[in-house]
Amino acid sequence: MDKWQIASALNEISRYTELSDPNPFRSRAFEKAARALHKIDVPIETLIASGELTKTPDIGKASASIIEELARTGTSKYLEELRAQFPSGIFELLRVPKLGLRKIGVLHSELGVSNLADLEAAAREGRVAKLKGFGAKTEELILKGIKFARERESRFLLPAGIELAESIRERLAGIDEITDAEISGSIRRRLEVCSNVNIAIATKSVDKVVKAIERKTIVEGLEEVDSITYRGRIDDVVVFFHFAAPDDFGLLLLLTTGSKEFVEAFVAQCKVRHAVNEEELFAKCKIAFVEPERRESADDLKLKKPRALVEAAQLRGTFHVHTTFSDGRNTVAEMLTAARDRGFEYLGISDHSETAAYAGGLTDEKLKLQKAEIAREAKNVAPMRVFRGTEADILGDGSIDYGAKRLAQFDFVIASVHSRFQMPKDEMTERILTALDDPHVTFLGHLTGRLLLSRDGYTMDFDRVFERAGQREVMIEINGNPNRLDIDWRNIKRALDRGVRFSINPDAHSIREYNALITGTWVARKGGLSAKEIFNTQPLEQVTEWFESRRAKWREK
DNA sequence: GCCGTTTTCGGCCCGACTGTTTTCAGTCG
């Protein structure tokens, strides 16, 4: 096992411990040990061999022996015992809002609850309200939460959908009778949350292909919907296969890609049916090609010359990157090297600010260390330029964490809300407007704080916020984290019309999460943005100039 | 479970919110 796998095993132990141990610090200790592993930069075997594992901060005797066992045998007796003690689906209960591990532990030990169905039965029979620490309101909240979790059960985030659809397409590749197969539906439109998988297949023999899909058991329970559509399942996800003759594949792809509104407008406008691909179909219809991402409404159909949408390859750098100094999993050096290897001209590091203590927000002392480390490591990745910023909390009153004097040390500031999410709309609007008025602020981070499929964002008057961001020349981040995708693409045009510029940021907490730049770019494309409206498509020179002109502005004040 | 120039016990990062155990515990970020 490598250090990442060991760390994830320790995290699992931490979760089980939180379920079963009344002492909250024991579970946190395992979590800290896992995080400590992330930070070590010598090979784990070396550390074990030298017996210096326990010299690593936050790794004591107990964790060290578990780590050694995992590294040696790939398993841990203690973890296996814990796994045997609880039903496999216990952590699924976390999908119910307001249910944490502690409460789940009580529900399991007192009522034998091990899944959503058990919990629902117990709540309906009033058994939950009788438990110590629970009451009638909590029981009601749980029933509501179960409904919330169920509604989202068969829905999934875009990256998971793409992965599943690609794997199906790969397995179809071996079927001779298929001349072409493409992912269509909402996944092709890059919608942030999907509820099914659609594959368009060109073939002269539907029967033979269907038999082959059955034989290869690509999906479960394959059944006919109509003569050109079949449906099956992979786990909870419904998979549709759509068939057409190769000569009609263009139309099939268009029809099954959707959206409904776009398709209806298209077929009303164009009667052509035969086309081997979409390009040919659009050409025959004399309609300018509309990128799949832009097919949510009929508007783009009318454009004579659609805008060139931004592409991920046009990004020359990015901002909003965390390191192990706050809650990131990779060190400054690792984050910088990975960015350089992506061919970036510049990178902006932004760890959390002091108030975000839960995320390891940086105190003055840690800021000093971070500054020195960034300066040291930046030399190794030259000529890539490293900017040092912060993701500073927007406090309850709209002021920015650290305050003017300390904010002055940064090249840029991403201002984000991380607390008091349920503020009334008017108050939240004023809070964010106040934040935008602070001249140190360069970017507004994750606009609504939403977590797709698990938490709605906080509310605000978007138009007033966009108006102010435009006036103050504060850029709105397109947070590309697939769980966030925030700002919502549906609001991009409103912001753009008020003079807002955008930056596609990954909110990366690890090297891997630089991939969020791809999902972020899809959001920008769905919002209809081209490269010129995206700050980080600009060359280093212009980016540097912009930061300096901003600094000059607040120095005047 | 981890830690320690208060070193083998007692504290651990914290603030807001909510419901409930009416003085605090669980959850969230």
Side-chain angles (χ1 to χ4, degrees), chain A residues 10-37 53-67 76 78-79 82 93-107 110 123 128-145 148 322 325-327 352-363 365-366 391-397 399 401 416-424 427-428 431 445-446 448-451 454-458 479 481 483-484 486 507 509:
Chain A
L10 283 172
N11 273 321
E12 199 181 335
I13 291 174
S14 156
R15 286 205 300 276
Y16 279 120
T17 310
E18 199 175 341
L19 275 178
S20 51
D21 196 318
N23 174 12
F25 295 104
R26 198 162 158 260
S27 127
R28 203 175 300 167
F30 284 119
E31 208 184 309
K32 279 164 91 175
R35 224 175 311 148
L37 275 188
L53 210 46
T54 50
K55 285 190 186 151
T56 312
D58 295 331
I59 296 180
K61 254 168 87 178
S63 294
S65 92
I66 292 170
I67 292 167
S76 145
Y78 183 53
L79 177 57
L82 287 167
L93 291 168
L94 283 172
R95 299 216 319 267
V96 179
K98 304 283 165 191
L99 263 196
L101 287 166
R102 200 138 298 276
K103 280 213 164 88
I104 291 171
V106 174
L107 289 165
E110 298 298 314
V128 171
K130 291 199 188 92
L131 290 177
K132 193 170 186 288
F134 294 76
K137 280 222 173 156
T138 304
E139 192 170 75
E140 203 178 304
L141 210 66
I142 284 175
L143 281 169
K144 260 196 214 150
F148 181 92
H322 297 273
F325 273 99
S326 61
D327 59 350
H352 283 283
S353 65
E354 194 166 15
T355 302
Y358 56 85
L362 272 55
T363 56
E365 198 187 334
K366 274 175 103 182
E391 182 184 15
D393 274 29
I394 298 175
L395 305 178
D397 63 357
S399 63
D401 198 15
S416 304
V417 169
H418 286 120
S419 60
R420 305 193 56 191
F421 281 35
Q422 52 303 305
M423 225 179 222
E427 210 179 319
M428 185 59 93
R431 178 184 182 185
H446 46 70
T448 71
R450 72 177 183 181
L451 290 176
S454 70
R455 184 184 71 201
D456 293 333
Y458 33 88
N479 188 305
N481 180 324
N483 293 293
R484 296 185 180 272
D486 191 11
D507 198 352
H509 290 75

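Quick note on labels: first sequence line is chain A, next is B, and so on, each numbered from 1.
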Can you give me every donor-acceptor pair (side chain of residues 17-25 of chain A, partner residue at least two apart or in another chain, under 3.5 Å) with its distance?
| from | atom 1 | to | atom 2 | distance (Å) |
| --- | --- | --- | --- | --- |
| A:Thr17 | OG1 | A:Ile13 | O | 2.5 |
| A:Ser20 | OG | A:Tyr16 | O | 2.9 |
| A:Asp21 | OD1 | A:Asn23 | N | 2.8 |
| A:Asp21 | OD2 | A:Arg26 | NH1 | 2.8 |
| A:Asn23 | OD1 | A:Phe25 | N | 3.0 |

Original post:
Tell me, do A:Ile59 and A:Leu37 make a side-chain contact under 4.5 Å, heavy atoms counted?
Top reply: yes
Original post:
Using a heavy-atom distance cut-off of less than 4.0 Å, which residues of residues 60-67 of chain A contact DNA chain B?
Top reply: A:Gly60, A:Lys61, A:Ala62, A:Ser63
Original post:
Does the pair A:Arg35/A:Glu31 count as a salt bridge with the N-to-O cut at 4.0 Å?
Top reply: yes
Original post:
How are the rings of A:Tyr78 and A:Phe30 set relative to one another: parallel (under 30°), tilted (30 to 60°) or perpendicular (over 60°)?
Top reply: tilted
Original post:
Can you tell me the Watson-Crick or wobble partner of B:dG29, both distances under 3.5 angstrom?
Top reply: B:dC14
Subject >> Phosphate contact (B:dC2 OP1 or OP2) by A:Arg26 side-chain N/O below 4.0 Å >> reply: no
Original post:
Base, sugar-phosphate, or nothing for A:Pro24, non-hydrogen atoms under 4.0 angstrom?
Top reply: nothing
Subject >> Reading 5' to 3' through nucleotides 20-29 of chain B, protein heavy-atom contacts under 4.0 Å coded B for base, S for sugar-phosphate only, - for none >> reply: SB----SSSB
Subject >> Touch class at under 4.0 angstrom, heavy-atom based, for A:Ile59 against every strand present >> reply: sugar-phosphate
Original post:
At under 4.0 Å between heavy atoms, what does A:Ser416 touch on the DNA or RNA strands: base, sugar-phosphate, or nothing?
Top reply: nothing
Original post:
Does any N or O donor sit under 3.5 Å from an N or O acceptor when you compare the side chain of A:Asp58 with the base of B:dG1?
Top reply: no
